[in-house]
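Down below is the structure, laid out as structure tokens.
Protein chains get the first letters and strands the later ones, always in sequence-line order, with residue 1 at the start of each.
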Amino acid sequence: MLLSKVFIPTLREDPKMAECISHKLMLKAGLVSMISSGIYTYLPLGLIILRKIENIIRRRMNEEGAVELLMSALQPLEIWQQTGRDETLKEVMLKVKDRRKRELCLGPTHEEEITEIAKRFILSYKQMPLILYQIQTKFRDEARPRFGLIRSCEFIMKDAYSFDSDEEGLNISYEKMLRAYDNIFRDMSFDFVRIEADPGAMGGNFSHEFMVPAEIGEDVLCFCPKCGKYYRSSGECRDCGIKLIEKRMIEIGHIFKLGTKYSSAQSAYFLDSKGKRRPVIMGCYGIGVSRIMPAIIEQSHDSKGIVWPPCVSAFDASLLVLERENDFLYKEAFSLYEKLTGAGFDILFDERAEPAGVKFNDAYLIGSPYIIIIGKKYKGHNKFELEVRKTGEKHLFAAEQLINFLKESHNGS
RNA sequence: CGGGGGGUAGCGCAGUUUGGCUAGCGCACAUGGUUUGGGACCAUGGGGUCGUGGGUUCAAAUCCCACCUCCCCGACCA
């Protein structure tokens with residue numbers, strides 16, 4: 001992509017409203033823009049990254065046999081009354097009335113709605129096991145939105161729901177999701193923790209949380225500095241007997257065995273092999289998709305900007321021509337751009353007539369894993385300079401070498 | 001929801017204590033020129049309901065009242 005043709009409005013100064021690093025960098029790098037407290041627009045660059053994150057999730061969910069659907073964000077309040085959660089979630093639920101005075105809410109989550117789908121279509125044990133998932137916008141009237149996309153009133157979640165005819169089936173589905181989540185967060189290069197959790201208001205009897213350590217985390221876990229194990233309470237390490245240290249964590253995923261809480265309340269019944277009517281056994285599995293971007297940034301940045309792990313970076317590399325009005329250099333740069341694009345790489349080509357400092361700073365801010373530089377020095381040796389964003393390490397390459405280098409790093413990641 | 005701090009050009013800010021020339025600065029933006037390996041320079045220019053409403057006054061960004069909104073700490077958080 002040509003930088004002058006894409007809409008990436010980077011900011012020079014730190015935005016005043018941003019308090020934490022990821023929030024600041026997301027605004028500065030032109031990933032998102034705040035519309036109101038807790039409400040954000042994804043700008044084009046942010047959307048590219050969001051899609052990459054979503055697709056990592058899709059790949060792993062599909063791999064475990066989960067099937068994607070898309071439920072409505074607008075939901076009749078009626079289905080919430082059946083489970084009583086119109087009361088338990090009263091505070092966070094955004095409600096509206098339509099012109100016929102029908103009471104609706106903007107879904108804060110989708111257990112009730114998916115259970116309606118199950119009730120309607122899952123009639124026999126032969127239709128299970130089944131795992132359905134969606135990537136959807138949720139709405140919550142948060143008491144205090146904060147940290148940018150970490151806690152917002154409108155956010156994107158991947159929510160999956162498993163349907164089984166017996167406990168054993170539920171255990172298998174749950175294991176599948178545990179595996180998928182481990183893979184997803186590993187794919188995203190997270191330093192993450194998986195820990196048993198309290199099901200809370202979600203209901204059910206068993207639950208795991210996936211968390212990443214970060215200063216701005218809203219949860220606290222205790223960890224053993226020797227073996228690295230995490231605990232919920234601050235005793236001492238069961239293995240090492242060492243005093244634990246508190247660590248702030250961001251919750252990025254949470255999965256639950258629900259059992260029949262929702263299916264019973266909403267009469268989602270099926271007939272088993274003996275023709276007996278029984279409630280479907282459910283599990284639900286959430287990932288805070290819009291929270292992942294800031295969580296990655298919290299874990300991967302430096303004083304100059306974002307350092308994207310290659311798997312979620314919008315671009316494989318940024319390409320800078322420093323002397324824009326030098327026809328020779330521009331032609332060399334453009335031909336390299338075409339070669340790299342032809343080889344299947346996503347390249348952000350900064351061909352603007354801006355001073356070198358502006359281009360370097362934007363490139364560091366945007367955070368592509370590699371920066372390829374064509375300027376004065378190129379005229380000396382006719383080699384392309386490649387800077388590794390993460391380490392600052394520099395290489396000189398001819399075009400073919402450069403392509404091979406990028407291919408290798410691509411396969412490695 | 002409790003406590004604290006903010007709102008002046010697209011962004012970042014000064015000015016408000018002590019009311020008074022035409023409301024300023026940096027960046028960005030536009031035009032022309034010089035530049036081009038680290039947010040460059042010169043010249044010219046455009047852009048403002050000073051958060052909103054009401055009040056006090058000869059005179060309000062500045063004082064008074066109400067409201068809106070943003071941020072921080074806490075409570076809450078499937």
Side-chain angles (χ1 to χ4, degrees), chain A residues 9-20 23-24 27-28 30 33-39 80 83-93 105 107-114 138-148 150-153 155 157 159 161 197-204 207 209 216-220 250-251 253-256 258 261-262 284-288 291 304-305 320-330 333 350-365 371-381 384-385 387 392 394:
Chain A
T10 57
L11 306 177
R12 282 200 180 204
E13 307 200 42
D14 284 353
K16 186 174 51 169
M17 87 270 280
E19 64 282 14
C20 70
H23 191 198
K24 210 176 275 183
L27 293 165
K28 272 187 95 169
S33 182
M34 187 178 96
I35 295 304
S36 185
S37 179
I39 304 177
W80 291 84
T83 59
R85 287 214 300 177
D86 60 321
E87 284 300 320
T88 42
L89 293 181
K90 199 177 188 173
E91 300 276 295
V92 294
M93 201 183 270
C105 70
T109 176
H110 280 78
E111 282 75 24
E112 278 77 1
E113 187 166 337
I114 197 74
K138 313 286 189 201
F139 299 86
R140 291 185 197 178
D141 187 4
E142 286 292 344
R144 186 183 158 207
R146 61 180 131 181
F147 303 135
I150 294 286
R151 182 162 294 276
S152 52
C153 302
F155 62 97
M157 186 187 262
D159 43 323
Y161 304 90
D198 175 9
M202 206 59 213
S207 160
E209 268 179 299
I216 56 161
E218 297 176 294
D219 298 284
V220 177
I250 300 173
E251 180 189 340
H254 202 157
I255 66 178
F256 307 81
L258 296 174
K261 173 179 168 167
Y262 296 89
C284 75
Y285 314 89
I287 292 180
R291 198 176 258 196
K304 294 171 178 171
L320 318 184
V321 211
L322 298 186
E323 297 178 42
R324 174 62 179 81
E325 283 170 22
N326 181 319
D327 283 344
F328 168 70
L329 286 185
Y330 182 72
D350 188 348
E351 24 67 279
R352 296 173 301 173
E354 291 286 344
V358 172
K359 296 191 173 197
F360 277 109
N361 285 317
D362 273 347
Y364 291 137
L365 186 59
I371 301 171
I372 302 160
I373 303 144
I374 303 176
K376 202 173 273 172
K377 290 178 195 168
Y378 179 81
K379 288 182 279 194
H381 42 52
F384 301 104
E385 181 177 336
E387 181 174 333
K394 293 184 181 177

Between A/E323 and A/K379, is there a salt bridge with N-O shorter than 4.0 Å? yes
What's A/I373 touching, base or sugar-phosphate or nothing? Going by heavy atoms closer than 4.0 Å. base
Watson-Crick or G-U counterpart of B/U49, or none if no pair lies under 3.5 Å: none
Audit row: A/R151, A/E218, salt bridge (charged side-chain N to carboxylate O under 4.0 Å, His left out) steps and yes/no: CA-CA 10 Å; A/R151 182 162 294 276; A/E218 297 176 294; 3.2 Å; yes
Going from CD on A/E354 to CZ on A/R324, what distance comes out if it is rounded to the nearest 0.5 angstrom? 11.5 Å
Rounded distance [0.5 Å steps], CD in A/E112 versus CD1 in A/I114: 11.5 Å
In whole angstrom, give me the gap between the C1' atoms of B/G10 and B/G32. 24 Å
Using the P atom on both, measure B/C50 against B/A40 and round to a whole Å. 32 Å
A/H254 NE2 - B/C77 P separation (whole Å): 13 Å
Take A/P145 and A/I374, find for each the nucleotide of RNA chain B with the closest heavy atom, and name the residue whose nucleotide sits nearer the 5' end. A/I374
What's A/F155 touching, base or sugar-phosphate or nothing? Going by heavy atoms closer than 4.0 Å. base
Between atom CZ in A/R151 and atom P in B/A75, what is the gap in whole Å? 13 Å
Rounded to whole angstrom units, what separation is found between the NZ atom of A/K24 and the C1' atom of B/C11? 15 Å
Quick one about A/E209 and A/S207 (side-chain donor to acceptor, distance below 3.5 Å, no hydrogens or angles considered), yes or no? no
Check whether any side-chain nitrogen or oxygen of A/R144 sits under 4.0 Å from OP1 or OP2 of B/C73, and answer yes or no. yes
When all nucleic acid strands are considered with a 4.0 Å heavy-atom cut-off, which category describes A/K377: base, sugar-phosphate, or nothing? base
Could you check which nucleotide pairs with B/C76 in any of the strands shown, counting Watson-Crick or G-U wobble with both distances under 3.5 Å? none
Rounded to the nearest angstrom, tell me the gap between atom NE2 in A/H23 and atom P in B/C71. 8 Å
Does a nitrogen or oxygen in the side chain of A/S36 sit under 4.0 Å from OP1 or OP2 of B/U69? no
Looking across every strand, which nucleic acid part, if any, lies under 4.0 Å from A/L11 by heavy atom: base, sugar-phosphate, or nothing? nothing
Test A/R85 against A/E111 for salt bridge (charged side-chain N to carboxylate O under 4.0 Å, His left out), laying out the working first. CA-CA 10 Å; A/R85 287 214 300 177; A/E111 282 75 24; 2.8 Å; yes
To the nearest angstrom, the CD1-C1' distance between A/I150 and B/C72 comes to 17 Å
Write down the distance separating the C1' atoms in B/G54 and B/U49, rounded off to the nearest Å. 15 Å
Between B/C71 and B/U18, how far is it from one P atom to the other, in whole Å? 32 Å
Tell me if the side-chain of A/Y364 makes a donor-acceptor pair with the base of B/G38, cut-off 3.5 Å, by modelled atom types. yes
Looking across every strand, which nucleic acid part, if any, lies under 4.0 Å from A/R12 by heavy atom: base, sugar-phosphate, or nothing? base
Does OP1 or OP2 of B/C71 have a side-chain N or O of A/S37 closer than 4.0 Å? yes
Side chain of A/F360 only, please: which of B/C70, B/G38, B/C77 is the nearest? B/G38
On a whole-Å scale, what distance lies between the P atoms belonging to B/U57 and B/G15? 29 Å
A/R291 to A/F155, cation-pi by 6.0 Å centre distance and 45° axis angle: no
For the P atoms, the ones on B/C11 and on B/G51, what distance do you get once it is rounded to whole angstrom? 14 Å
Between B/C77 and B/G5, how far apart are the P atoms? Round to whole Å, please. 28 Å
Interatomic distance, A/I250 CD1 vs B/C77 C1' [rounded to whole Å]: 15 Å
d(CG, A/D14; P, B/A28) in whole Å: 16 Å
My understanding is that a pair needs two contacts under 3.5 Å, Watson-Crick or G-U wobble. By that rule, which nucleotide pairs with B/C41? B/G33
Closest nucleotide among B/C73, B/G39, B/G38 to the A/F147 side chain: B/C73
Measuring only the P atom in each nucleotide, how far is B/C70 from B/U8? A whole number of Å is fine. 14 Å
Mind checking if A/E142 touches a base, just sugar-phosphate, or nothing, with heavy atoms under 4.0 Å? nothing
Look through every strand shown and name the nucleotide pairing with B/A59 as Watson-Crick or G-U wobble, where both distances are under 3.5 Å. none
Within the 4.5 Å heavy-atom criterion, are A/I374 and A/L320 side-chain neighbours or not? no
Among B/C71, B/G37, B/G6, which nucleotide has an atom closest to any side-chain atom of A/K16? B/G6
Check every strand shown and say whether A/M157 touches a base, only sugar-phosphate, or nothing at a heavy-atom separation below 4.0 Å. base
Result for 5'-nearest mapping on RNA chain B, choosing between A/P355 and A/R324, is A/R324
Side chain of A/R146 only, please: which of B/G39, B/C13, B/G74 is the nearest? B/G74
What nucleic acid atoms does A/E385 come within less than 4.0 Å of, heavy atoms only: base, sugar-phosphate, or nothing? base
Side-chain donor/acceptor of A/E13 to base of B/G26, under 3.5 Å: yes
Between the side chains of A/Y161 and A/D159, is a donor N or O closer than 3.5 angstrom to an acceptor N or O? yes
Nearest whole angstrom, please: distance from the C1' of B/C1 to the CG of A/D141. 12 Å
What is the base-pairing partner of B/A14, counting Watson-Crick and G-U wobble geometry with both distances under 3.5 Å? none
Counting the atoms with a prime plus P, OP1 and OP2 as sugar-phosphate, which does A/E325 contact under 4.0 Å by heavy atoms, base, sugar-phosphate, or nothing? base
